[in-house]
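Predicted model, so just to flag it, every value in this text is computed and none were measured. Keep in mind that the numbers below use all heavy atoms, side chains included, and drop hydrogens, waters and symmetry copies. To find a chain, count down the sequence lines: A is the first, B the second, and so on, and within it residues start at 1.
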Amino acid sequence: MPPIPLRLQVRSWLDVTLFLSICLLETVPFTGLLLHEWLGIALAALVVTHLQLSWSWISGFSRFAVRSPRSLVNYFLNLGLFASVSVAIASGILVSQHVIPAFSRSSNPAWHSVHDSVSNAVVILAGLHLAMNWDWIAATSRRVLNLRAGRA
Amino acid sequence: MKFTSLAVRISLILLTASLFVAVAGIWAESIRPIETAVNTRRSPDPQLRSWSTFVRQCGIVVLIAVVGRKVLRIRL
């Protein structure tokens, strides 16, 4: 079996980390508020790296071409997910009580409600994002895990 | 050259994100009079700290993915 490119390995482990981070961020009773806030800030860096590694797809889609309904749905789904994650992180910073408490003292209390609403949207859109990329995830997981088993 | 390209990409990502945040800001301003109560749903309860909540959340995301995959396969 040919070796897996480092970029693909990094991308697959980054995606696993993103999935676990989103699940952890939705379970505040499990993590506690302090870890929740730090994890939310770390998520920003993870998302930017994820987008950076997927840039060829993003820039490729933006060029003029006839698109299939599936790729259009995928594009708008990804855009919605990005919007939700961005707002969730920004509103999380604004309502932060431990990491950046300076903002929460002066911010609009409605940001709490916005944070809750977009967090729910993130869960649904992340699930649908998984659904759209299921085949890629399955194929990559098989490759990465096979390589690991071969090395052991 | 590569660094410039990376900087441009990250700037584009942050610029797009800030546009979405600006829209959310308008939304937050519009609901200000209605939603003034401090949120209590997210305050952690030490008694609830268990792995089951985390595993359940992972299950919810995977369940949405499995159902979504079936629906999207039929529709698209």
Is there a path of hydrophobic side-chain contacts, each under 4.5 Å between heavy atoms, that joins [X] and [Y]?
X: A:Leu35; Y: A:Leu33; result: no
X: A:Leu79; Y: A:Trp57; result: yes
X: A:Leu94; Y: B:Val21; result: no
X: A:Leu6; Y: A:Trp13; result: yes
X: A:Phe76; Y: B:Val23; result: no

Could you check whether any side-chain heavy atom of [X] comes within less than 4.5 Å of a side-chain heavy atom of [Y], counting everything from C-beta outward?
X: B:Phe20; Y: A:Val118; value: no
X: A:Val114; Y: B:Ile31; value: yes
X: B:Arg69; Y: A:Asp135; value: yes
X: A:Phe30; Y: B:Val55; value: no
X: B:Leu72; Y: A:Trp134; value: no
X: B:Gln57; Y: A:Val123; value: yes
X: B:Phe54; Y: A:Thr31; value: no

So how far is it from [X] [atom1] to [Y] [atom2], rounded to the nearest 0.5 Å?
X: B:Ile64; Y: A:His129; atom1: CD1; atom2: NE2; value: 14.0 Å
X: A:Ser91; Y: B:Trp27; atom1: OG; atom2: CH2; value: 8.5 Å
X: B:Cys58; Y: A:Glu26; atom1: SG; atom2: CD; value: 11.0 Å
X: A:Ile58; Y: B:Ile13; atom1: CD1; atom2: CD1; value: 6.0 Å

Open item on the list: Which atoms of B:Ser18 are under 4.5 Å from chain A, going by heavy atoms: the side chain, the backbone, both sets, or neither?
Closed with: neither

Task: Nearest atoms (heavy-atom pairs only) where A:Ala131 meets B:Ala65 - done: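 Where A:Ala131 meets B:Ala65 most closely, the heavy atoms are CB-O, 3.2 Å.
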
Task: Top contributor to chain A contacts, counting heavy-atom pairs under 4.5 Å, from B:Leu14, B:Leu63, B:Leu19, B:Val61 - done: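 Answer, by heavy-atom pair count under 4.5 Å with chain A: B:Val61.
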
TODO: Against chain B, label A:Leu20 side chain, backbone, both or neither, depending on which of its atoms sit under 4.5 Å from a heavy atom there.
DONE: both

Open item on the list: Please identify, among A:Val48, A:Val85, A:Asn133, the residue contributing the most non-hydrogen atom pairs under 4.5 Å to chain B.
Closed with: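 Winner by heavy-atom pair count: A:Val48.
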
Open item on the list: Suppose a student defines contact as a heavy atom less than 4.5 Å from any heavy atom of chain B. Which residues in residues 37-47 of chain A would they list?
Closed with: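 Listed by number: none.
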
